[in-house]
Enquirer: 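Mind looking over this structure? Questions follow.
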Amino acid sequence: MTTRLLAGAAVSALLALSAGPLQTAQAAGSASTGGGNSLVMVLDSSGSMTDDDGSGRTRMETARRAVGTVVDGLPDGYPTGLRVYGADRSSGCTDTRLARSVQPLDRAALKSAVAAVRPRGDTPIGLSLQKAARDLPRPSGGATGTRTILLISDGEDNCGTPAPCDVAKQLGREGADLRIDTVGFQVRGKARQQLECIAGAGNGRYYDAPDAEALARQLQRASQLSADGYRTKGERVAGAAGRGKAPVLPPGQYLDTVGPGEKRYYAVELDAASTVDFSVTAVPQAGAAVGSLDALRTRLLYAADGSCDTGTVHFFQNEGATPLTSALARIPNEEGTGICDRAGRYWLEVERESAPGSDAGRWPLELTYDVEEPLAQGVTPAQSRPEYGKGDKNAVLPTGTPQDVTGGTGFNDARVLGQGVWRDRILPSQTLWYKVPAGWGQQVRYGVEFANEPTVSGASPVLSYGATQVYTPARAPVGTGTTEFSPKAVYNGRPAAVDMGTVPVAWTNRYESHPDVIPVHAKGGFYIAVTLGAKAAEIAANPQIGVVLRVAVLGDELAGPQHGAPALAKDAGGQGAAGRGQDSAARADSGASAGAGWSGTKTVAAVGGGAVVVAVIAGAVFVRGRRRVAARTTRGNG
């Protein structure tokens, strides 16, 4: 792990950014407002909320102010509602009502509804959770998203039936799209334990708020995670429990779910020549309880016992869930004699491994299946590029004043970046996504710096982490076997930095042996994911913290994958063909009509489908095998 001190100007810029109003992916227009996401706040209005919070105000007065701050920070039109309990009778365990139904955000109406609440009665948390789950509308028209219950309480349930933790456990298992976050306002002992249990069982997080400032901060974090959850895309499909009934899928992008300890199978029909790429992304609720060795495993199977490729990814931390992506490829060998070089039916196996006590809910799965078509005879690919070279750990990255940017929620709306210095803000438990175009012969190299932050109590003893990962255009993770970079660092509120990069893009990299080289065999948008650990919520005094990305795209972009391909001319801004027009392309990919998030077009190499034949010069050409694959890639439009 690597920690670097940031320059004074960069620190000041990060602090100024992190202390500002919350920034959201939706507010930046990276996706349509709302999608399948929605939020209902459940506000404790029991008699104890009339107590002084230590500042001269009642707890209810402070809660009203905090809820107002949350409402002001949510995106326009975001589906939001309010449920209260203990507000209508001096006693009674059925005293819960929907004060404002879940509908497109009306800030004035929500604030008015909160202002009208007068705390009086008991604390029927279990019943309120049951009803809040029904308050949240199911997404329509095949949309997916996160339905969030945000419970704000200053004490434990005093009704007993139904038991709140049991209710949360049942709701968490029933809905892959449901999470329950809890905020404990000046609670301790059994009350805190109960709220922690509710959040853990409900696929969410517990946030502690010992004072008014903390309450506002933690409510903002929880509500923003609801608004900025990973936006999945794809055609719905139901994987089978075994090979026999596995659905047969054409190339495309698909959505399914997987439960703890479950296996799902999908069938594909492959030819004997093409390279085929698969990716599987599991999207648990951000920050949900997981073990460090909880895993997503994938295998590509052929015939009775043939295994063509395997992939396994772990969390390797126990602060809370983040998206996990495992990728596979069927790459015909150079002689074409392997069992997995044959045409026929293959099966994609997806397995989720979970430790006892981990999130018991079903996780959404996003699957991609892409086919790289063979190249015409006579075109010779360039030599492989297995070394980092100028893109190694000592590479000099861009400097200068950062430009503000807002990362996406996932692969489908990742924000396109070019070479330069970029500045964003991130929440604890959040992963931000970016996409950097790189052409043939080019490599992506970048660093991420996490801000020097004011902490909640000076020098915090709590430790969290900041991390990054880079993925190929086919969503294969690069860096799982890295010894070159430091993609994870301890974060305690002081400056921290991580680094990552790829080798240059070369078609023949697919025949190399190193796991960080093999997948870098096609040009396109390389994805950068940046994650901040959940425990940072116990460290940072600001709702979000600043991050700076220093992105370099190294090397001349070549006209194609073939040997001797010339370098392409750059535009006035120094961009090659891979970087031109990317903003509009990104908007097309993430728009409501963009299907699975791909543009749907094929990237055709400069070889022109075999129109260009490269002369073979003795001793100067690297020839790989009888099959040569073009850069033309069929991507699904699920």
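Residues take their numbers from the sequence shown, with the count starting at 1.
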Enquirer: After noting the C-alpha distance and the side-chain angles of L150 and L219, does the key distance pass the side chain to side chain contact (heavy atoms under 4.5 Å, CB included) rule?
Expert: CA-CA 8 Å; L150 176 53; L219 283 179; 3.9 Å; yes

Enquirer: Look only at the side chain of R205 and the backbone of G287, and say whether a donor-acceptor pair between them is shorter than 3.5 Å.
Expert: yes

Enquirer: Can you list the steps and then say if L39 with L74 is a side chain to side chain contact (heavy atoms under 4.5 Å, CB included)?
Expert: CA-CA 10 Å; L39 168 70; L74 287 172; 4.1 Å; yes

Enquirer: Judged by modelled atom types alone, do S226 and Y78 share a side-chain donor-acceptor pair under 3.5 Å?
Expert: yes

Enquirer: Residues two or more places apart in sequence or in another chain: which of them pass salt bridge (charged side-chain N to carboxylate O under 4.0 Å, His left out) with R65?
Expert: none

Enquirer: Examine distances only and state if a side-chain atom of N542 and a backbone atom of Q544 form a donor-acceptor pair shorter than 3.5 Å.
Expert: no

Enquirer: Determine whether the aromatic ring centres of W433 and F411 lie less than 6.0 Å apart.
Expert: yes

Enquirer: Show your reasoning for whether side-chain hydrogen bond (donor to acceptor under 3.5 Å, both in side chains) applies to Q253 and N412.
Expert: CA-CA 11 Å; Q253 185 163 319; N412 302 300; 3.0 Å; yes

Enquirer: Is a side-chain donor or acceptor of R221 paired with a backbone partner of P543 at a separation under 3.5 angstrom?
Expert: yes

Enquirer: Would the distance check show the side chain of R494 and the main-chain N or O of E453 forming a donor-acceptor pair, the cut-off being under 3.5 Å?
Expert: yes

Enquirer: Among all residues two or more places apart in sequence or in another chain, which pass the side chain to side chain donor-acceptor pair (under 3.5 Å) test with K111?
Expert: D72

Enquirer: Has T69 got a side-chain atom pairing as donor or acceptor with V67's backbone, closer than 3.5 angstrom?
Expert: no

Enquirer: So, N203 side chain and L178 main chain: donor-acceptor pair closer than 3.5 Å or not?
Expert: yes

Enquirer: Give the C-alpha distance, both sets of side-chain angles, the deciding distance and a yes or no for side chain to side chain contact (heavy atoms under 4.5 Å, CB included) between V503 and R385.
Expert: CA-CA 7 Å; V503 298; R385 302 282 299 275; 5.5 Å; no

Enquirer: Using only atom types and a distance under 3.5 Å, with no angle test, would you say the side chain of D424 pairs donor to acceptor with the backbone of D404?
Expert: no

Enquirer: With respect to S326, which candidate in T298, T281, T312 satisfies the side chain to side chain donor-acceptor pair (under 3.5 Å) definition?
Expert: T298

Enquirer: Does the N509 side chain pair with the main chain of P504, one donor and one acceptor, at a distance under 3.5 Å?
Expert: yes

Enquirer: Would you sort out whether Y206 and D208 count as a side-chain hydrogen bond (donor to acceptor under 3.5 Å, both in side chains), showing the intermediate values?
Expert: CA-CA 7 Å; Y206 169 76; D208 193 48; 2.7 Å; yes

Enquirer: Does NZ or CZ of K488 come closer than 6.0 Å to the centre of the six-membered ring of Y465, within 45° of the ring's axis?
Expert: yes

Enquirer: Test F278 against Y369 for ring pair (Phe, Tyr, Trp, His ring centres under 6.0 Å), laying out the working first.
Expert: CA-CA 5 Å; F278 301 92; Y369 162 25; 5.1 Å; yes

Enquirer: Y446 and W422: aromatic ring centres closer than 6.0 Å?
Expert: no

Enquirer: Applying side chain to side chain donor-acceptor pair (under 3.5 Å) between T531 and each of T322, T468, T431, report the one that passes.
Expert: T431

Enquirer: Would you confirm whether R425, through its side chain, and I545, through its main-chain N or O, come within 3.5 Å as a donor-acceptor pair?
Expert: no

Enquirer: Using the rule given for side chain to side chain contact (heavy atoms under 4.5 Å, CB included), can you reason through V40 versus T148, listing the C-alpha separation, both sets of side-chain angles and the distance that settles it, and then say yes or no?
Expert: CA-CA 6 Å; V40 61; T148 302; over 6 Å; no

Enquirer: Could you tell me whether the side chain of R475 and the main chain of T472 form a donor-acceptor pair under 3.5 Å?
Expert: no

